[in-house]
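The shown structure was predicted, so the numbers you read here are calculated from the model rather than taken from an experiment.
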Amino acid sequence: MSCPSPLQWFLGLILLAAFSCRQQNPAISNANPNIVIIYADDLGYGDVSANGQGQLQTPNIDQLAETGIRFTNGYATSATCTPSRLALLTGTYPWRDKNAKILPGNAPLLIDTTSVTLASLLKKQGYATGVVGKWHLGLGNGDIDWNRTIRKTPNDLGFDYSFIMAATGDRVPTVYVENRHVVGLTPDDPLYVRYDSNFAGQPTALTHPELMTKMTWHHGHNQSVHNGIPRIGYMKGGRSALWTDEQMAEVFLDKAKAFIDTHQTRKAGKPFFLYYALHQPHVPRVPGAKFVGKSGLGPRGDAILEADWCVGELMKKLRQEGLADNTLVVFSSDNGPVLNDGYNDEAVEKNGRHTPAGRLRGGKYSLFDAGTHVPFIVSWPARLKKEVSDALVCQMDLLASLAALVGSDIKTGDSKNLLNTFLGKAAKNQANGRDALVLEASGKLAFRSGDWVFIPPYPGKALNEQVNIETGLSREPQLYNLSADPQQRTNLARTNPVKRTAMEKQMKQVVGD
Ligand code: NG6
Ligand code: CA
């Protein structure tokens, strides 16, 4: 028998390499699906048509519920953005960290770089990890020079790739940060950011109201103006890097798709985790041209239709790459809805009969249910059947649950392993979700246990007049039974002291005194 020729050797080696690559590649397995978390900003329970309580149509988000589980008792931990995001990524109650409140655009990174995050744990299990969109968890050490390499970014928390806005659309700096650099910044026009006082000689919405060509402010938002829109905070220079709000949805979507291209299973031989943090429908609501006027509900409704389109485009990309079946997608929102959040954008005037919070009481910033009770869908076509679950689940539980899914043995704090609930194996009743959950709004806490909610007495106004949302604060203790009274209309604290005392005691056991 003759020896193999060099060409035969070469072909043999290629075959061997291809075979061993398949052996090592766990990505297609059911235990290691790709994972995408799509996280909307200020989207209410009733803003998603699958939940059946509003007037808007969100067909692409609804489609996720066709291939998975729609949770009717899904919660963010908090009624504002930063704390909810902290809990989502670290699996820890945000009220344990006194700095976990709405951050300015120049805040230091809130999460310790030694902490376990969703990204770091999945990376450890062999995932390629990326975040695209709204960050709002701080960057650097608090003294960022935006013109240099930024030292502490999502890339220090387990993300291989990041393309983010630092805080919110209404906060400076209005630039994108990719990994450790401001995108498009040129040295001839450096960028400076401050929140305490303006830079000498720089215009603001107060000194130069004529700069507000696209939107005027209603409350707050009267400092630096960019793209005809007044913002929170002061900014100088960096003109080459400033974003265009109308293009933001496409910019983030393109980066999310590019991440899938770069890291998608077949090329990189790894599963991926993408945290796609949409900006919509947070203020300022400036959707792209094709969505303007589409909803009939003004810019807020249009921004939601744009968000729905983004979801559809991302799913289309997964299908095109043959990845849709084995990708687990979680869709949720960081807090409840608000109409007037500081701009004159006709959100109130054009809302019509739409109910952003569905039938729930309150909204963003509120301790009432709509502050934290949000849309929550888990889709995974390869594994899940369409189902509606009323189990009590929280975004904070994704950490322990996904850890269990990918075989990680990390220790988690407040995060509960609800993998069976998220995968629909459990029966459809609350016994399979959490027993209890602490809810937070502006540092004040409420407690849900089973169907019951207890709100301790707090000083403070019952109505946040600026946004016209009930705060949930009262000097009287409040006790509601959500199964009989989802709108929290009947306070049972006086008529059912036994339950009230039990709830109070249970809450203290979790929160401390
Ligand atoms: C508030 C802003 C509001 C919004 C919110 C953060 C004012 C008057 N209001 O302080 O417009 O930016 O912060 O929203 O400035 S969140 O969804 O990121 O938590
Ligand atoms: Ca938010």
Distance-minimising heavy-atom pair for [X] and [Y]:
X	Y	answer
Val172	Gly233	CG2-C, 3.6 Å
Ile410	Ala403	CG1-CB, 3.9 Å
Met215	Pro284	SD-CB, 4.1 Å

Main chain of [Y], side chain of [X]: is a donor-acceptor contact present, judged purely on distance under 3.5 Å?
X	Y	value
Glu440	Gly443	yes
His136	Pro104	no
Arg434	Ala436	yes
Asn60	Val311	no
Thr421	Asn432	yes
His279	Lys134	no
His282	Asp41	no
Thr471	Asn464	no
Thr58	Asp308	no
Thr117	Leu89	no

Under 4.5 Å between any side-chain heavy atoms of [X] and [Y], yes or no?
X	Y	result
Leu479	Met503	yes
Lys101	Pro83	no
Pro94	Leu86	yes
Leu56	Asp47	yes
Trp135	Met165	no
Ile38	Leu314	yes
Ile469	Leu463	no
Val132	Ile164	no

Would the [X] and [Y] ring centres measure less than 6.0 Å apart?
X	Y	result
Phe71	Phe422	yes
Tyr234	Tyr195	no
Phe331	Tyr39	no
His218	Tyr343	no

For this session: Answer yes or no on whether Arg361 is positioned over the face of Phe368, meaning its NZ or CZ is under 6.0 Å from the six-membered ring centre and within 45° of the axis.
Result: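 The answer is yes; both the distance and angle limits are met.
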
Under a plain distance cut-off of 3.5 Å, with no hydrogens placed, do [Y] and [X] share a side-chain donor-acceptor pair?
X	Y	answer
Asp390	Thr72	no
Asp42	Asn335	yes
Glu178	Tyr176	no
Ser115	Thr90	no
Gln506	Ser449	yes
Ser49	Asp62	yes
Asn179	Asn155	yes

For this session: Specify whether Phe273 and Tyr275 have parallel, tilted or perpendicular ring planes, treating 30° as the upper limit for parallel and 60° as the lower limit for perpendicular.
Result: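 Correct class here is parallel.
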
Problem set entry | Partner of Gln395 under side-chain contact (heavy atoms from CB on, under 4.5 Å), chosen from Ser78, Ser332, Ser333 |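 When side-chain contact (heavy atoms from CB on, under 4.5 Å) is applied between Gln395 and each of Ser78, Ser332, Ser333, only Ser332 qualifies.
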
For this session: Going by the side-chain contact (heavy atoms from CB on, under 4.5 Å) test, name the single residue among Pro33, Ser379, Pro271 that passes it with Leu328.
Result: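 Between Leu328 and the candidates, side-chain contact (heavy atoms from CB on, under 4.5 Å) is satisfied uniquely by Pro33.
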
Exercise. Can Ile37 and Leu118 be said to form a side-chain contact (heavy atoms from CB on, under 4.5 Å), step by step?
Worked result: CA-CA 10 Å; Ile37 296 180; Leu118 263 179; 3.6 Å; yes

Problem set entry | side-chain contact (heavy atoms from CB on, under 4.5 Å) assessment of Tyr365 paired with Thr80 | CA-CA 6 Å; Tyr365 311 111; Thr80 54; 3.6 Å; yes

Exercise. Is the CZ atom of Arg151 crowded by more than 12 outside heavy atoms at less than 6.0 Å?
Worked result: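 No.
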
For this session: Count the heavy atoms of every other residue, nucleotide or ligand shown that sit under 6.0 Å from CZ of Arg489, and state whether that count exceeds 12.
Result: yes

Lys/Arg N to Asp/Glu carboxylate O, [X] vs [Y], below 4.0 Å:
X	Y	result
Arg448	Asp435	no
Arg180	Asp156	yes
Lys124	Asp409	no
Lys416	Asp397	no
Asp334	Arg85	yes
Lys364	Asp341	yes
Arg494	Glu476	yes

Problem set entry | From CA spacing to verdict: side-chain hydrogen bond (donor to acceptor under 3.5 Å, both in side chains), Ser295, Asp302 | CA-CA 5 Å; Ser295 68; Asp302 297 346; 2.6 Å; yes

Exercise. Name the one of Asp345, Asp170, Asp245 that satisfies salt bridge (Lys or Arg N to Asp or Glu O under 4.0 Å) with Arg285?
Worked result: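 Checked Asp345, Asp170, Asp245 against Arg285; only one passes salt bridge (Lys or Arg N to Asp or Glu O under 4.0 Å): Asp345.
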
Problem set entry | Intermediate values then yes/no, side-chain contact (heavy atoms from CB on, under 4.5 Å), Leu423 and Asn420 | CA-CA 5 Å; Leu423 297 188; Asn420 283 347; 5.6 Å; no

Rounded to the nearest 0.5 Å, how far apart are [atom1] of [X] and [atom2] of [Y]?
X	Y	atom1	atom2	answer
Leu360	Ser366	CG	OG	10.5 Å
Thr77	Met396	OG1	CE	6.5 Å
Glu346	Glu349	CD	CD	6.0 Å
Thr168	Arg231	OG1	CZ	9.0 Å
Leu157	Leu137	CG	CG	8.5 Å
Asn481	Thr490	CG	OG1	9.5 Å

Problem set entry | Gln63/Met315 under side-chain contact (heavy atoms from CB on, under 4.5 Å): CA gap, chis, key distance, verdict | CA-CA 10 Å; Gln63 185 56 36; Met315 296 313 294; over 6 Å; no

